> 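After the C-alpha cells below, expect a handful of questions from me.
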Amino acid sequence: MPASSPIDQIAERVERLLVRHEEVQRTNALLQEQVDALTRERDALKSRLAAARTRLDALLERLPAEPPPEDSTA
C-alpha cells in the first residue's frame with residue numbers, strides 16, 4: 001500500500017473534522033433543547049412558589065395577632 005500524499009492526508013483529516021463538527025452540532029442542539037425545557041420548568045416552579053407564598057401570606061394575615069385569653073372556669 002503506497003503512502004498517501006499530504007493532500008490525501010489533509011483531505012481525510014478535513015472529512016473527520018467535518019463529521020466531528022456535525023456530531024458536535026447535533027449534541028449542542030440536544031443540549032439546547034434540554035436547557036430550554038429546564039428553563040421552562042424552572043419558570044413554572046418559580047410561578048408556583050410565588051403563588052404559594054401569596055396564599056401563605058394571606059393565611060398568616062387571617063391569624064389573630066395574639067392568642068385568645070384562656071378560659072379559667074374549667
Side-chain angles (χ1 to χ4, degrees):
M1 180 179 208
S4 56
S5 71
I7 298 289
D8 291 338
Q9 291 174 354
I10 291 171
E12 182 180 324
R13 195 161 180 202
V14 167
E15 288 297 322
R16 286 197 312 263
L17 285 171
L18 287 172
V19 168
R20 182 69 179 131
H21 176 69
E22 290 171 359
E23 291 171 354
V24 169
Q25 281 185 318
R26 283 193 301 270
T27 301
N28 187 52
L30 291 172
L31 290 171
Q32 188 60 52
E33 288 176 13
Q34 289 179 349
V35 167
D36 293 343
L38 289 170
T39 299
R40 287 190 301 272
E41 182 180 357
R42 180 207 59 201
D43 291 346
L45 289 171
K46 284 172 69 175
S47 176
R48 289 176 57 193
L49 176 61
R53 281 184 175 152
T54 300
R55 289 192 306 271
L56 282 173
D57 288 343
L59 288 172
L60 289 173
E61 289 293 321
R62 293 172 53 189
L63 290 176
E66 299 178 8
E70 293 183 23
D71 188 10
S72 60
T73 60

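Position 1 is the first residue of the sequence; numbering continues from there. For clarity, every value in this text was computed on a predicted model and none was experimentally measured.
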> Before you tell me yes or no, could you show the steps for Q34 and L31 under side chain to side chain contact (heavy atoms under 4.5 Å, CB included), namely the whole-Å CA-CA distance, both residues' side-chain angles and the distance that decides it to 0.1 Å?
CA-CA 5 Å; Q34 289 179 349; L31 290 171; 3.7 Å; yes
> In terms of heavy-atom contacts, does CZ of R42 have more than 12 from other residues, nucleotides or ligands at under 6.0 Å?
yes
> For E61, does the CD atom have more than 12 heavy-atom neighbours from other residues, nucleotides or ligands under 6.0 Å away?
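No - once you tally the heavy atoms of other residues, nucleotides and ligands closer than 6.0 Å, there are 12 at most.
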> Taking L18 as the starting point, is it possible to reach I10 by hopping between hydrophobic residues whose side chains are less than 4.5 Å apart?
yes
> I need the L49 CG to T54 OG1 distance, nearest 0.5 Å.
9.0 Å
> Just verifying a value: how many Å separate R53 CZ and R48 CZ, rounded to the nearest 0.5 Å?
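Result: 14.0 Å between the selected atoms.
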> More than 12 heavy atoms of other residues, nucleotides or ligands under 6.0 Å from CZ of R16: is that the case?
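Yes, because the 6.0 Å sphere around CZ of R16 holds more than 12 heavy atoms from other groups.
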> Under 3.5 Å, is there a donor-acceptor pair linking the side chains of N28 and Q32?
no
> For L56, I'd like to know if atom CG has over 12 heavy atoms of other residues, nucleotides or ligands within 6.0 Å.
yes
> Can you tell me how far apart CG (L30) and CD (E33) are? Round to the nearest 0.5 Å.
5.5 Å
> Does T39 use its side chain to pair, donor to acceptor, with the backbone of V35 at less than 3.5 Å?
yes
